[in-house]
Number of protein chains: 2
Amino acid sequence: MSILTAAADVLRCFSSTRHDVTVTDLVTLLGMPKSNASRLLRAMRDEGLLETVGDSKRYRPALLLAQVGQLYRFAASLIDRADAVVGCASNVIGHTAYVSVRRGTEIIAVTAHPGRHALRVVTSIGDRIPAFASSTGRALLARLSDEDVRALYKDGFTAPSQTAPRDIDELLARLAEVRSAGFAESHDEAVRGVHAISVGVGDPATGDEVALCISFPAAMVEPGERLAIINSLAEAAAEIAALTQDKRFFPLKLSLSETAP
Amino acid sequence: MSILTAAADVLRCFSSTRHDVTVTDLVTLLGMPKSNASRLLRAMRDEGLLETVGDSKRYRPALLLAQVGQLYRFAASLIDRADAVVGCASNVIGHTAYVSVRRGTEIIAVTAHPGRHALRVVTSIGDRIPAFASSTGRALLARLSDEDVRALYKDGFTAPSQTAPRDIDELLARLAEVRSAGFAESHDEAVRGVHAISVGVGDPATGDEVALCISFPAAMVEPGERLAIINSLAEAAAEIAALTQDKRFFPLKLSLSETAP
DNA sequence: AAGAAAGTTCCATTAAATGGAACTTAAGTT
DNA sequence: AACTTAAGTTCCATTTAATGGAACTTTCTT
C-alpha cells in the first residue's frame with residue numbers, strides 16, 4: 001500500500017464540519033500509528049499539500065489544492081459532469097438516464113445511459129421534444145423567472161397529451177411546484193406509459209444549464225423506488241450545484257405526502 | 001524522495017492553460033522516466049486524486065480535490081470574509097476587486113469579482129506576481145518588519161517597470177508610506193494603464209494574512225472616485241481587523257493633499 | 001501495411017514506509 | 001512550582017514500495 005493511499009485518506013478526512021486535522025485525529029479516524037500520522041502530516045505540508053494553521057499543530061488543505069480544485073470546474077464541463085453522475089445513478093437504479101439541454105422551447109438529449117431492464121425507455125440522442133411538455137423541459141424552465149417563461153411562450157402552445165399543461169398559466173403553476181419540490185415529474189406526456197423525473201442544474205461561470213433525467217415505464221416502479229430515484233437524482237444534482245456554486249438550484253424538499261409510504 | 005513529492009509536482013503541472021496531463025507531458029515537464037509517469041498517474045487515479053478524461057489517456061484533477069480545495073476557503077475563514085466584503089465593494093464601485101495571499105515573494109489571487117465596466121481589469125485566479133512590484137504585495141509586505149523584508153529579499157530583485165521600486169531601500173520607503181497612509185497603491189507596474197489600491201489585513205488566531213484590492217483602468221477614475229475606493233476598501237478591511245483583533249492593521253490616515261479636492 | 005510515437009509491464013536494485021518504544025513538549029491538576 | 005497526563009516527535013531494524021532501463025503492447029500516422 002502506497003503512501004498515496006494514506007495521503008488521499010487524509011484529504012477525505014476533511015469535511016464541512018472538519019476544516020483541519022491533528023495527529024490524534026488521524027489516529028482515531030484512520031487507525032494509523034501516531035508515528036505515521038505525525039510524519040505523514042509533516043510530509044504533506046512540506047510538499048505543499050497541507051499547511052499548518054498559524055504555528056499550531058493543526059493542519060488544513062493548502063493553497064495548491066484550492067488552485068487545482070478550481071481547475072476541476074473548467075476541466076470538466078457541466079455536461080461531462082452531469083453525464084458522469086447520471087450514469088452512476090443509472091447503474092444503481094437500472095433505468096434509463098440522460099442529460100438534456102434546452103434550446104429555446106425545445107429540449108435536446110445530449111447523453112444517454114440505457115437501463116438494464118427488458119422494458120426500458122429508449123431515448124435517442126439529438127431528439128427534440130417540447131420543453132413545456134416534459135419533465136426535463138420543466139426542470140430547466142423552472143430556472144427562469146415567470147416573466148421570462150411568458151416571453152418565451154408569447155405565441156402560446158398546444159398540449160400534445162392529457163397530462164401536459166394546457167396553457168401558460170397551468171405551466172407556470174407546475175413550474176412553481178418544481179421550484180418548491182426541487183424536481184420535475186411527468187407521466188404519459190411525450191410517450192404513453194412513460195414516467196420521468198428530472199432535476200435542473202447550471203454553472204454560473206459558463207451559463208450552461210442541463211437537466212438530469214431518469215425515465216422508466218410507469219407500471220414498473222413502486223412508490224418507494226420512485227422516492228429512491230428522486231433522491232439519487234437530487235443528490236447528484238446538488239453535488240454539481242455545490243461545485244459550480246449554482247445559486248438558482250432548487251434543493252429537494254419532499255412534502256409529507258411524498259415521504260409517507 | 002517520497003512519491004508524495006512527485007504527486008505534488010504533478011498537481012503543480014496543472015494550470016489555467018493545462019487542464020489535463022498525459023504520460024509524455026510528465027516526462028517533458030518533470031523529466032521523469034516514462035515508467036514512473038505511467039504508474040504515478042494510474043496510482044493517483046486509483047486513489048481518487050485524478051480522473052481520466054472519458055476513456056482517453058488524459059488525466060485531470062478529480063472531484064476529491066475540488067471538494068477539499070473548496071474547503072480551503074472556509075478553513076481559512078479570513079479569505080471568505082475578505083471575499084464577502086470585497087465583493088460588496090466591487091458591486092458598489094463597479095471595478096474589479098480581488099483577494100490575494102502572499103507566499104514568500106509572490107502574490108497569488110485567490111478570489112476575484114470582475115467589474116461591470118466595459119473596460120475592466122481581468123485577474124485570473126492562481127496567477128503569481130512579484131510581491132514588491134504590486135499594491136497587493138506591498139500591502140502585505142508592510143505588515144512585516146523592515147528587517148524581515150530585507151531577509152526576504154536578501155538576493156535583491158529587478159524592477160519590472162518604471163514605477164516599481166528599484167531596490168530594497170526604495171521598497172522600504174514605500175512600505176513606510178503604506179504603513180502611515182493605511183493603503184498601498186500602484187500604477188503601471190504589472191500592467192500598463194492599470195491602477196490598483198490595496199489594503200492588508202490579518203487574523204492573529206490563524207496567522208493568515210490577505211490583501212483586499214480594487215483594480216481599474218487609470219484613465220477611468222477621477223480623484224474623487226479614487227478617494228471613494230480608498231475609503232470603501234479601508235472600511236471593509238477595518239471591519240475585518242476589528243473582528244480578528246488584528247494588531248498589525250494600519251488604519252486609514254489621509255493626508256491633507258489627499259483630502260483636498 | 002509499415003513505421004513511429006505513446007503507453008505499459010517486467011525485474012533486479014535502491015530507497016522509502018512502517019510501527020513499536022523511547023523521548024520531548026505542551027496542557028491541565030493538586 | 002512540582003506532578004500528572006495527554007499529544008506529538010524521533011529512533012531503529014524490518015518490511016515494503018519506488019525506481020529506471022529495456023522489452024513489449026497499443027495507438028496513431030502516412
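Chain letters run A, B, ... following the sequence lines, proteins first, then strands; residues in each count from 1. Quantities reported herein were computed from a predicted structural model and do not represent experimental measurements.
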Measure from [atom1] on [X] to [atom2] on [N] and round the result to the nearest Å.
{"X": "A:Arg58", "N": "D:dA7", "atom1": "CZ", "atom2": "P", "answer": "12 Å"}
{"X": "A:Asp9", "N": "C:dA17", "atom1": "CG", "atom2": "P", "answer": "16 Å"}
{"X": "B:Ile3", "N": "D:dT16", "atom1": "CD1", "atom2": "P", "answer": "18 Å"}
{"X": "A:Leu41", "N": "C:dT18", "atom1": "CG", "atom2": "P", "answer": "12 Å"}
{"X": "B:Leu30", "N": "D:dT19", "atom1": "CG", "atom2": "C1'", "answer": "15 Å"}
{"X": "B:Leu40", "N": "D:dT19", "atom1": "CG", "atom2": "P", "answer": "8 Å"}
{"X": "A:Leu4", "N": "C:dT18", "atom1": "CG", "atom2": "P", "answer": "11 Å"}

Original post:
Quick one: side-chain hydrogen bond (donor to acceptor under 3.5 Å, both in side chains) partners of B:Ser100, sequence neighbours excluded?
Top reply: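 If we apply the side-chain hydrogen bond (donor to acceptor under 3.5 Å, both in side chains) test to B:Ser100, skipping adjacent residues, there are no hits.
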**OP:** Mind checking side-chain hydrogen bond (donor to acceptor under 3.5 Å, both in side chains) for B:Thr158 and listing every partner two or more places apart, or none if nothing turns up?
**Re:**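 side-chain hydrogen bond (donor to acceptor under 3.5 Å, both in side chains) check on B:Thr158 returns nothing, list empty.
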Atom pairs, N/O to N/O, protein against nucleotides 5-9 of chain C, distance under 3.5 Å?
residue, atom, partner, partner atom, Å
C:dG7, OP2, B:Thr24, N, 3.0
C:dG7, OP2, B:Thr24, OG1, 2.5
C:dG7, N7, B:Lys34, NZ, 2.7
C:dG7, O6, B:Lys34, NZ, 3.0
C:dT8, OP2, B:Ser38, OG, 2.8
C:dT9, OP2, B:Arg42, NH2, 2.9

Subject >> Distance-only donor-acceptor check, side chains B:Ser198 and B:Ser135, under 3.5 Å >> reply: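 Yes.
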**OP:** Please collect all salt bridge (charged side-chain N to carboxylate O under 4.0 Å, His left out) contacts where either partner lies in residues 90-113 of chain A, sequence neighbours excluded, each pair once.
**Re:**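 Matches after skipping sequence neighbours: A:Glu106-A:Arg128.
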Original post:
Could you give all pairs that pass the salt bridge (charged side-chain N to carboxylate O under 4.0 Å, His left out) test and reach residues 34-53 of chain B, with sequence neighbours left out?
Top reply: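 Listed by first then second residue: B:Glu51-B:Arg60.
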Original post:
Hey, is the side chain of A:Ser2 poking within less than 4.0 Å of OP1 or OP2 on D:dA18, counting only N and O atoms?
Top reply: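 Checking D:dA18 against A:Ser2, a side-chain N or O does come within under 4.0 Å of OP1 or OP2.
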**OP:** Just jot down the ring pair (Phe, Tyr, Trp, His ring centres under 6.0 Å) partners of A:Phe216, sequence neighbours excluded, or say none.
**Re:**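 Applying ring pair (Phe, Tyr, Trp, His ring centres under 6.0 Å) to A:Phe216 gives A:His95, A:His195.
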